[in-house]
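Just below is one structure, and these are the notes that go with it.
The figures here come from the full heavy-atom set of this structure, side chains too, leaving out hydrogens, waters and symmetry mates. Residue numbering restarts at 1 for every chain, and letters A, B, ... go by the order of the sequence lines.
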Amino acid sequence: MGESVWYITTPIYYPSDSLHVGHAYTTVAADALARYHRLVGDRVLFVTGTDEHGQKIQKKALEKGQKPLEFVTPIVKFIRDPLWKRLGISYDDFIRTTEDRHRHVVQQIFQRLVEQGDIYKGIYEGWYCLPDESYWTESKLVDGNCPDCGRPVEKVTQESYFFRLSHYQNRLHQYILDHPEFIQPTSRRHEMLNFIEAGLEDLSVSRMGVSWGIPVPGDPDHVIYVWFDALTNYLTAAGYLHDTDLFQSAWPANVHLVGKEIVRFHTVIWPIILMALDLPLPDRVFGHGWLLIGQAKMGKSLGNAVDPVELFDRYGVDPLRHYLLREVPFGADGSYTEAALVLRTNVDLANDLGNLLSRTTAMIDRFHQGTVPSLDVGSDDGVLAKEAALVYREVETFMNNLAISDALTSIFRLINRANKYIEEQKPWDLAKRHDGVALDNVLYGLWETLRIVSVLLTPFLLEAPNRIRKQLGLTEPVLQYREALFGFNPSGLSVRREGPLFPRIEWKESVTAGDDTDHAIGVEDFRKLDFRVGTIRTAEIVPGADRLLKLTVFDGSRDRTIVSGIRLHYAPADLIGQQVVVVANLKPATFKGIVSEGMLLAGSHEGELSLVAPIRPLPEGAPVK
RNA sequence: GGCGGCGUAGCUCAGUUGGUUAGAGCACACGGCUCAUACCCGUGACGUCGGUGGUUCGAGUCCACCCGCCGCUACCA
């Protein structure tokens, strides 16, 4: 019987596509929690993995002429290394649903539930798209047609195994009422109570048309379907039915960290499976928000998925981790923009933390020959010690509540306090006045604060803590959270200045593509723009300007003079009679003495330029919106 | 449609059980400092607290209605 294990999971990801920053966000958050708990001395089991069965992967593999496992394995490999490896994901176990250990567990559970009557055979009604070879539920159909291809679907009825959710409905409802901590944040809890109160239908947990999955024991025409397979990974990884010692200390899980879109499966289906198995329920299911791209949901199909590998190649692991953990507050949605990532890095990591380290070590070098002064407790004002002690407790509280961004905010408050303290104490004046004791206390306080920060940041950042410690003259890595207490004895240590801990990122907004939703405008803004169709009447070269043309454009009511910088791309003669789109309510501007009353729309790419025009002719003056 | 939530400075958000001049961070302006990564520190400006009408001595904070936005409303991982 081992000591109790702090068990945290991420969802297992579906490797049909490469993962994006959203997945990285969930996983980094779980990693920070796992690292924190190791630091405070808990035995930790941190599990992530991949959910590899199902129709979609079967189809994708088929398209590539591969077996499903062949198709999926390189993707899984990539997720483990480089993706999670370089992001520093310190998982203790990586589970794949295609592993034998998992198949055995799923089949045994299934068998047991059949035997005790919680799973029964019935008839499943669904819809099937023949050309797509896809099954759909009624609610997914678009106007009664296949949501993928829009073609008609046919009704299929087939034998299926059903899981008796209805039987456990009241028990689950009561459980959620009795355990306010079970579903977080509370808004999700309300939604789930609502959902359950509406009544639970039994869930179809097998399919006949899909071959890529775990067969139903004793009935190999049926494959165990989706959630029943996926959710039970949490039991497999905890050793259920095969590693009794591990299971006894690890189960129930402390936290299932999930995206808000799968909260329901984790708080309805999953607890009922556990109830049916007579197992205790996890302490908490936390549904975190999404990382949006500007305002939009991120997704492969939306073409805006941000590749995490690209991000840490460009900005480094610590800036990325810090940004993810700091920017998205508790349960709410966060918004990814490159501008915000750069800002967080420059302001927090470079200006505040990096610069504090730089100025502290510089002063110890200059005013104390590089050796770390010791503290004269009796004469110290205790300002930094007090703040450090407060932050120490706050971080504990926040991390226990899964409030990761609040914990980081708290740590950076200590850093800011230290920067301010320098301003208040003016060590350079103390040095001039030869006030040795006061100077020593200040320098020690700053050094000690940075040492404490290096401990506090250990769960969040991978490289910075040890780089800070090296510059502080410390050689031992951080081992325990308790090291973040004020009063370390630094005798014999000397600082070792290096280059900036986090160099400021020079970043020009205009250079970046892909974050156009960063400056999203409302439709009311768009309506301010008056676009109209016009026809070019005349076109002539503007003397003394090598790229300007002077045009007259009839906009339905009058001829406008428009000066346009398109001479390199269009000969005047080619433009006459051409329809274009003009911006009609632009303030007039003067070019080479000619007043231009508007602009033409044109697209450009790498030196190419093309005017925008209606595909079919329209009357002049027709609005464009 | 049903249930729930949100709308507070240019941006992201805090605002406890209703109570003196509505806050923080970022951005902006000005000033200071020089140990430091053009950094840091200070000061300042900016808000009809979505709208209307109530309750109250007093409402961002309670009630009603309205406007706008969002989440959930089952078998996709």
Quick one: label A350(A) by what it contacts on the DNA or RNA (base, sugar-phosphate, nothing), any heavy atom closer than 4.0 Å.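 The residue A350(A) makes base contact.
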Within the 4.0 Å heavy-atom criterion, would you say L501(A) contacts the bases, only the backbone, or no part of the nucleic acid?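 The answer is base, as L501(A) lies within the cut-off (heavy atoms under 4.0 Å) of a base atom.
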With F182(A) via ring-ring contact (aromatic ring centres under 6.0 Å, His included) - residues at least two apart: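 F182(A) satisfies ring-ring contact (aromatic ring centres under 6.0 Å, His included) with Y175(A) only.
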Heavy-atom distance under 4.5 Å between the side chains of R80(A) and F94(A), does that happen here? yes
How would nucleotides 24-34 of chain B be written as a contact map, 5' to 3', with B for base contact, S for sugar-phosphate-only contact and - for no contact, using protein heavy atoms under 4.0 Å? --S-----BSS
Contact letters for nucleotides 72-77 of chain B, in which S counts primed atoms plus P, OP1 and OP2 and B counts the base, heavy atoms under 4.0 Å: SSBBBB
What pairs of donor and acceptor atoms, side-chain ones from residues 221-229 of chain A against any protein atom, are under 3.5 angstrom apart with sequence neighbours left out?
from    : atom 1 : to      : atom 2 : distance (Å)
H222(A) : NE2    : E159(A) : OE1    : 3.1
D229(A) : OD1    : H102(A) : NE2    : 2.9
D229(A) : OD2    : H53(A)  : ND1    : 2.7

When you compare rG47(B) with rU8(B), how far apart are their C1' atoms, in angstrom units rounded to a whole number?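 Nearest-Å result for rG47(B) against rU8(B) at atom C1': 8 Å.
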Using the P atom in both, what is the distance from rG5(B) to rC65(B), to the nearest Å? 14 Å
Check ion pair [X]-[Y] (N to O, under 4.0 angstrom):
X       : Y       : result
E201(A) : R164(A) : no
E423(A) : K420(A) : no
R413(A) : E387(A) : yes
D51(A)  : R96(A)  : no

Using whole Å, report how far [atom1] of [X] lies from [atom2] of [N].
X       : N       : atom1 : atom2 : value
I422(A) : rC40(B) : CD1   : P     : 11 Å
E506(A) : rU37(B) : CD    : C1'   : 10 Å
I364(A) : rA36(B) : CD1   : P     : 13 Å

Taking the six-membered ring for Trp, are Y13(A) and H20(A) closer than 6.0 Å centroid to centroid?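 When the ring centroids of Y13(A) and H20(A) are compared, they turn out to be at least 6.0 Å apart.
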When the ring centroid of F412(A) is compared with that of H322(A), is the distance short of 6.0 Å? yes
What pattern of brackets, bars and dots sums up RNA chain B from 5' to 3', given Watson-Crick or G-U wobble pairs under 3.5 Å, [ ] for crossing pairs and | for another strand? (((((((..((((.....[...)))).(((((.......))))).....(((((..]....))))))))))))....
Which residues pass the salt bridge (charged side-chain N to carboxylate O under 4.0 Å, His left out) test with R497(A), sequence neighbours left out? none
